[in-house]
Amino acid sequence: GALDELAASLAGQRDVVVFALALIEAAPAKNRLARIAAIFTFVSHLVDVPGSDEGEARDGVDALLGLAGEDEGPAVVLAALLQAAGEEATLEEAGGIVFVAVGLDALDLARLPPHAGLLISRDVTAAAGFGYRLPLDPRQSRSPLGFLPLAVREALVRDRSRYRLAVAT
């Protein structure tokens, strides 16, 4: 949709790529999941910064959040930064909430926090026929990695055409 196109367009911008890579380099990330977490943490804290008192955009992030919408904007920014950093990140919607799903490798699964939920999808290109995706909801700074609100989890359980919901072990 339009939000996917916006995220992909942003991810292709040189300044966005440079910024995403700078975020990763600034964080003491020793593995891929830590790099994903660094970008997720940045975006989720960014949305807690109060807007301008004048109601005008102070910078490109304010303008982007205004363009994409207050609810969808954080996910668009997160998807764009993750894509710019070379991750397979897509925008997804369930339960009226837009979130990001990032593709994971089998090695990443052991590094997930115990509360992290996983999305399991059919993947004809994978040897096992399915793939793992980590859901990210960047709308609040205290949103844990891999956690989705109850309404989203319930919607995913009802609509089993895209994903199965699993809990990391």
Side-chain angles (χ1 to χ4, degrees), residues 1 3-4 6-8 10-13 16-48 72-95 97-169:
L3 293 177
D4 291 306
L6 179 57
L10 288 170
Q13 298 293 317
V16 174
V17 172
V18 168
F19 184 73
L21 297 177
L23 273 175
I24 291 170
E25 289 174 11
K30 296 182 181 180
N31 61 61
R32 180 170 168 253
L33 199 55
R35 292 187 296 273
I36 291 169
I39 294 173
F40 172 70
T41 300
F42 171 79
V43 173
S44 62
H45 283 284
L46 183 69
V47 299
D48 277 351
E72 295 87 359
V76 171
V77 171
L78 178 59
L81 288 173
L82 287 168
Q83 290 171 9
E87 294 296 333
E88 179 194 335
T90 58
L91 289 167
E92 303 291 339
E93 186 278 328
I97 294 174
V98 175
F99 63 95
V100 177
V102 181
L104 295 180
D105 297 327
L107 296 174
D108 299 322
L109 300 180
R111 294 188 173 104
L112 287 173
H115 64 269
L118 288 174
L119 302 174
I120 303 171
S121 63
R122 291 185 195 104
D123 184 351
V124 294
T125 63
F130 60 89
Y132 295 104
R133 301 188 62 73
L134 179 66
L136 302 171
D137 179 11
R139 295 173 304 134
Q140 298 175 6
S141 64
R142 290 182 171 65
S143 181
L145 193 70
F147 180 79
L148 291 172
L150 181 60
V152 176
R153 294 192 314 265
E154 288 174 343
L156 288 169
V157 167
R158 283 191 305 272
D159 176 13
R160 302 193 86 145
S161 64
R162 294 181 296 164
Y163 294 112
R164 300 284 190 263
L165 198 57
V167 178
T169 57

Subject >> T90 and E92: side chain donor to acceptor below 3.5 Å >> reply: yes
Closest approach of [X] and [Y], non-hydrogen atoms and distance?
{"X": "A84", "Y": "A20", "answer": "CB-CB, 4.0 Å"}
{"X": "A7", "Y": "A80", "answer": "O-CB, 3.5 Å"}
{"X": "R133", "Y": "A101", "answer": "NH2-O, 2.8 Å"}
{"X": "A89", "Y": "A79", "answer": "CB-O, 4.2 Å"}
{"X": "P149", "Y": "I97", "answer": "CG-CD1, 4.0 Å"}
{"X": "D137", "Y": "S143", "answer": "O-OG, 2.9 Å"}

**OP:** With sequence neighbours left out, write down each residue that passes side chain to side chain contact (heavy atoms under 4.5 Å, CB included) with R142, or none if nothing qualifies.
**Re:** none
**OP:** List for me each residue that meets side chain to side chain contact (heavy atoms under 4.5 Å, CB included) alongside F19, sequence neighbours excluded, and say none if there are none.
**Re:** L23, F42, L81
Does the side chain of [X] reach to within under 4.5 Å of the side chain of [Y], using non-hydrogen atoms?
{"X": "D108", "Y": "I36", "result": "no"}
{"X": "D4", "Y": "V76", "result": "no"}
{"X": "D159", "Y": "E154", "result": "no"}
{"X": "I120", "Y": "Y132", "result": "yes"}

**OP:** Would you mind telling me which of I39, L82, V43, V100 makes a side chain to side chain contact (heavy atoms under 4.5 Å, CB included) with V77?
**Re:** V43
**OP:** Would you mind telling me which of V152, V102, L148 makes a side chain to side chain contact (heavy atoms under 4.5 Å, CB included) with P135?
**Re:** L148
**OP:** Using a strict cut-off of less than 4.0 Å between a Lys/Arg side-chain nitrogen and an Asp/Glu carboxylate oxygen, indicate whether R35 and E87 qualify as a salt bridge.
**Re:** no
Any side-chain to backbone donor/acceptor pair from [X] onto [Y]? Under 3.5 Å, distance only.
{"X": "H115", "Y": "L145", "answer": "yes"}
{"X": "N31", "Y": "L33", "answer": "yes"}
{"X": "R139", "Y": "S44", "answer": "no"}

Original post:
How far does CG of L91 sit from CZ of F99, to the nearest 0.5 angstrom?
Top reply: 9.5 Å
Original post:
Rounded to the nearest 0.5 Å, what separation is found between the CZ atom of R111 and the CG atom of L104?
Top reply: 11.5 Å
Original post:
Are more than 12 heavy atoms from other residues, nucleotides or ligands located less than 6.0 Å from atom CD of E93?
Top reply: yes
